[in-house]
Every structure is written in C-alpha cells, then in structure tokens.
Participant: 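Dropping the structure in here first, questions after.
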Amino acid sequence: MKQPSSAPRSSGRRVMGGRGARAAATDPTRDIAFDIVSGVIEHRRMLETSMENSPTAREAEPRDRAAAHRLGASVLRHMGTATEVLSPFLKKEPPEPVRAVLLIGVAQLLFLGTPVHAAVATSVALARRRGLAPFAGLVNAVLRRIAQQGDACLEGLDQERLDVPPWLWTSWGRMARPIAAALGMEPPLDLSMRPGCLPPPGGEVLPNGTVRFPAGTRVTELPGFSEGEFWVQDAAATLPARLLDVKAGERVADLCAAPGGKTAQLAFAGGEVTAVERDARRMERLAANLARLGLKDRVRTVRGDATQWRPDVPLDAVLLDAPCSATGTVRRHPDAMWIKRPRDLAGLAAGQQALIAAARDMLRPGGRLVYAVCSLQPEEGPACARAAEEMGLIADPFTPEELSFLPQARTAEGWLRTHPGMWAAQGGMDGFFAARFRKA
C-alpha cells in the first residue's frame, strides 16, 4: 500500500564519499534515515534516540530532519514486507549496513512514491558515503530489478502479518489483524483543547472531544499554538485522566508525568496537581509544556523516583501512566516492534507493580487510582491489574456510561482496552490499557 506523499529531497552540495568512493551529493535526509534504521535494527535503540545520536541530524535543517524521520519510520513500518521483497534478489544475507541501505531504497520505491531514478541513485550514493562502495553495484542492481517489477513485488504477500514480529502477532491474538492494518498508515495529529478555546480550523472533532488533523500537519503552525490553546495528545491517551474523574480542589498526583498532557487534563479539571517525573530531560519537556499552557504556577513539579516519593498528606487520586513496552504506540513509534523482546516484559511488569504499590501508599482511604500503560501486552496491563487487587486495592470498574462514546473499549472486567484498529475510519488511535481502583 503506497502512502501518498512527496519524495524526500537531496541537497545539491557535493562531498567526498566513504572509503574508495567517488564524489557524491550530500543528502542529509537519507543519511539521517540510515542512522535511524541502523540504530534500531543493529543496536535496538529507539528511533528518537537513534536520530538524536546522528551527527548529520544535529546539523540538519528542520525540513531534512522531518523527511528523514518519515523515511526511517516508513522502513520500520514495512520492514517485514521489504525484507520479503528483497529476498529473491539476494543470494545471501548482506551485512547489516547494506541491508539498511536496501530497505531505505525499497521503502522509497514501494511505499513512498519516490521516482525510480531518485530512489535508486540516492541509495547507491548513500552506500558510497557510508563506506560501502564494494556493494554499490549490488544496491543498484537489486533496486533496479525491484523498480522494474513495481507493485507486482507485493502481490500475494500478507503484508500485515509480515510487518509484525511473530511473537507480537501471537500475543495480540484477535487484535493482531486490525492492529497491523493500522500500522501501514501515518497517524494523524490529535489535539486536546484548553477549556474555553476554539479548535483551529480544519480539524475533525472526535466523540471524546479530541480534535484531529491529517498526518503531516505541523502543530507549531496552527493558530493558537504559541498562546497555549491546545496540546498534542492521542485520542486514546486522553482517556485515563478522564476516567480518573478529578473534581475541583482534589489533591492529585500524576506519576511518570512527562510530557504533560495528562497533567494538563488534571489541572484544567480543577485538581491540585503534583507532577512527578524521574528523567531530567523529560522533566524539562514537562516544564516547557506546562509553561506554554499557562500552568506553570498551578502545577507542582517534582523530579524524583515515584516509587520513593510520598506526598505531605494523603491524596484523593493518583494517575499512574507507567513506563512500559509501548507496543500500543507502534503507529507513531514503529521502532517499538523491533527493539522489544519477550524477555523484556517481566522486568517492565515488575516495575509497574512497584509503582502501583507506591501509588496505593500515597492515597487516603477511599482514594482513587487509575493505572494505565500504552502497551498491548497481556503481561503488562491485565496481569498488573490483577496484581493490584492482590495488593489490597479494590477494583472500581469503568461503567458503560463512562465509555458510551467508545463501548468496544470496555472489557468484561470493566477495564479500558484500546488498540490502533479502533476508529479506523477516522484514522485509528493508540493502544492503551487502564484500570481503576480504590483504596480500602
């Protein structure tokens, strides 16, 4: 399935290539994309981290960085299919850096609509710049043969299944097919509005109040951004704070709070909010977002480990959006499929249970906890919700009325479970799990 878009562009400057390479035009878009893809598939580094570590990205123009991000993400969304397409044209598996170049070429040819001459030539030049000149002929030959066949290369392939690692496909069960169908498309831009502010023109208002704009919309260019009239937040990500149902004057903690969308929801609902975040860089982002929204003086921020921090007085409510595998965000972060392993889940679940126990200790008797993760894995959300009851927390199921705008997301246990295939006609949503409890 091709995604309509303009092709990544190259600059016209020229530099010397890698070892033994002839001169080649500089191309920050594809150099950064190479660093992204290599970082994910060779080193299991997150897409954003790989991009931050790219020397080219540090000097690149915003336009080139955005194009590279999009190209790298397209490779990761379609990596299984692209690998299958390449297989008949390769006598043996190439070195990983060469494979990264080939994957970038295939993504351009089959999924991004890049003209054939541009996709092939820039991939060959990329190989030369990266010291892979001995493989330049292979890259040229393979991509030209794929270009000759075009979309016929995709005939008969189960792209949805190929583009999801087998262990994830199995773990997702009946959700796997609709989730995979949503992965091939770039996600839209979702905004949460500051109370009393009108949405920017051109957006679609979803049943939960989220305002949705097409993929590729630049949020900083929308009227009202600088004035703090809205913030970026996926439709599904709005639900945990909404279901905590904070009342004016209630004492509330938002644990693992960055980047601050849920903190803003709680504050605008009237809560006396303390936002706790351990990571220094994420804390900076949280503070910047709160300042833009005019909440700097209304929210107390604490940099610290939420398993150790305790409030001065017991709280009425706690929102815990815990660190997790993030497999629910694969539309926006397809790297999550390729850097996580089944063995990672036990440690993540243990960390979530430690945070649940800490949140329990922060609450007054009768106080409320909403535990949430942007994960689709049963070892995290459901298993941890059951563990919460074993810790003495009392289940407080979400009611059909509370989820009347999204009834398919309410489980038999009264939990919340969204996935990327929901609201498919409107552009989908992230995968979230949430459960609510009360302290005895």
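Just so you know, these numbers come straight off a predicted model, no measurement behind them.
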Participant: Could you list the residues that satisfy side-chain hydrogen bond (donor to acceptor under 3.5 Å, both in side chains) with Ser38, not counting sequence neighbours?
Facilitator: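 Scan of Ser38 (side-chain hydrogen bond (donor to acceptor under 3.5 Å, both in side chains), adjacent residues dropped) gives none.
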
Participant: Looking at side-chain heavy atoms only, is the closest gap between Val85 and Leu157 below 4.5 Å?
Facilitator: yes

Participant: Does the side chain of Gln108 come within less than 4.5 Å of Thr122's, by heavy atoms?
Facilitator: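 Thr122 reaches Gln108 side chain to side chain.
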
Participant: Would the distance check show the side chain of Arg410 and the main-chain N or O of Phe398 forming a donor-acceptor pair, the cut-off being under 3.5 Å?
Facilitator: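 Yes, Arg410 side chain to Phe398 backbone: donor-acceptor pair under 3.5 Å.
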
Participant: With sequence neighbours excluded, what pairs up with Asn208 under the side-chain hydrogen bond (donor to acceptor under 3.5 Å, both in side chains) test?
Facilitator: Thr210, Thr238

Participant: Does Leu255 reach the side chain of Met362, with side-chain heavy atoms less than 4.5 Å apart?
Facilitator: yes

Participant: Quick one: list whatever passes side-chain contact (heavy atoms from CB on, under 4.5 Å) with Glu61, sequence neighbours left out.
Facilitator: Asp64

Participant: Among pairs that include at least one residue of residues 216-232, which meet side-chain hydrogen bond (donor to acceptor under 3.5 Å, both in side chains), considering only residues two or more places apart or in two chains?
Facilitator: Trp231-Gln233

Participant: Got a donor-acceptor contact below 3.5 angstrom from the Thr170 side chain to the Pro166 backbone?
Facilitator: yes

Participant: Check the surroundings of atom CZ in Arg45: do more than 12 heavy atoms from other residues, nucleotides or ligands lie under 6.0 Å from it?
Facilitator: yes

Participant: Just so I know, are the side chains of Leu355 and Pro323 near enough to count as touching, which here means a heavy-atom distance under 4.5 Å?
Facilitator: yes

Participant: Where the side chain of Trp338 meets the backbone of Leu76, is there a donor-acceptor pair that is under 3.5 Å apart?
Facilitator: yes

Participant: I need the full list of salt bridge (Lys or Arg N to Asp or Glu O under 4.0 Å) pairs touching residues 371-388, with sequence neighbours left out, sorted by first then second residue.
Facilitator: none

Participant: Tell me the salt bridge (Lys or Arg N to Asp or Glu O under 4.0 Å) pairs involving residues 206-217, sequence neighbours left out?
Facilitator: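 Every salt bridge (Lys or Arg N to Asp or Glu O under 4.0 Å) pair that includes a residue of residues 206-217, provided the two are not neighbours, is Asp190-Arg212.
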
Participant: Can you pull the side-chain hydrogen bond (donor to acceptor under 3.5 Å, both in side chains) pairs that have at least one residue in residues 300-310, sequence neighbours excluded?
Facilitator: Asp305-Thr307

Participant: Compute both the distance and the angle, then confirm whether Arg292 meets the cation-pi test with Phe225: under 6.0 Å from the six-membered ring centre, within 45 degrees of the axis.
Facilitator: yes

Participant: Scan residues 416-428 for pairs that pass side-chain hydrogen bond (donor to acceptor under 3.5 Å, both in side chains), counting only residues two or more places apart or in two chains.
Facilitator: none

Participant: Can a donor-acceptor pair be found, under 3.5 Å and without considering hydrogens, that links the side chain of Arg99 to the backbone of Pro94?
Facilitator: no

Participant: Report yes if some heavy atom in the side chain of Leu183 is under 4.5 Å from a heavy atom in the side chain of Met337; otherwise report no.
Facilitator: yes

Participant: Under 3.5 Å, side chain of Thr114 to main-chain N/O of Ala119, donor-acceptor pair present?
Facilitator: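 Side chain of Thr114 to backbone of Ala119: no pair is present.
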
Participant: Can you find a pair of side-chain heavy atoms, one from Phe437 and one from Arg360, that are under 4.5 Å apart?
Facilitator: no

Participant: According to the salt bridge (Lys or Arg N to Asp or Glu O under 4.0 Å) rule, which pairs have a member within residues 104-115, sequence neighbours left out?
Facilitator: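 Of all non-adjacent pairs touching residues 104-115, none passes salt bridge (Lys or Arg N to Asp or Glu O under 4.0 Å).
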
Participant: Using modelled atom types and a 3.5 Å cut-off, is there a donor and acceptor pairing between side-chain atoms of Arg130 and backbone atoms of Asp31?
Facilitator: yes

Participant: Can you list the residues that meet the side-chain hydrogen bond (donor to acceptor under 3.5 Å, both in side chains) rule with Glu413, with sequence neighbours excluded?
Facilitator: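 Expected list: Thr411.
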
Participant: Verify, without hydrogens or angle tests, whether Glu277 (side chain) and Ala258 (backbone) share a donor-acceptor contact under 3.5 angstrom.
Facilitator: yes

Participant: Indicate yes or no: at least one non-hydrogen side-chain atom of Phe213 is less than 4.5 angstrom from one of Pro200.
Facilitator: yes

Participant: Could you tell me which residues satisfy side-chain hydrogen bond (donor to acceptor under 3.5 Å, both in side chains) with Asp163, sequence neighbours excluded, listed by chain and number?
Facilitator: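 Asp163 satisfies side-chain hydrogen bond (donor to acceptor under 3.5 Å, both in side chains) with Thr81 once adjacent residues are dropped.
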
Participant: With no hydrogens and no angle check, just 3.5 Å: does a side-chain donor-acceptor pair link Ser54 and Asp35?
Facilitator: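 Side-chain D/A pair, Ser54 to Asp35: present.
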
Participant: Any Lys/Arg nitrogen of Glu284 or Arg281 sitting under 4.0 Å from an Asp/Glu carboxylate oxygen of the other?
Facilitator: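 Not counted as a salt bridge, because no side-chain N and carboxylate O are separated by less than 4.0 Å.
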
Participant: Could you check whether any side-chain heavy atom of Leu320 comes within less than 4.5 Å of a side-chain heavy atom of Cys256, counting everything from C-beta outward?
Facilitator: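 Touching, per the 4.5 Å side-chain cut-off.
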
Participant: Could you pull out all residues at least two apart from Arg343 that satisfy side-chain contact (heavy atoms from CB on, under 4.5 Å)?
Facilitator: Arg44, Arg341

Participant: Asp335 side chain to Val40 main-chain N or O, any donor-acceptor pair under 3.5 Å?
Facilitator: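 Absent.
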
Participant: Keeping Asn289 on the side-chain end and Gly260 on the backbone end, is there a donor-acceptor pair under 3.5 Å?
Facilitator: no

Participant: Please check if the side chain of Ser74 supplies one atom and the backbone of Leu71 the other of a donor-acceptor pair under 3.5 Å.
Facilitator: no

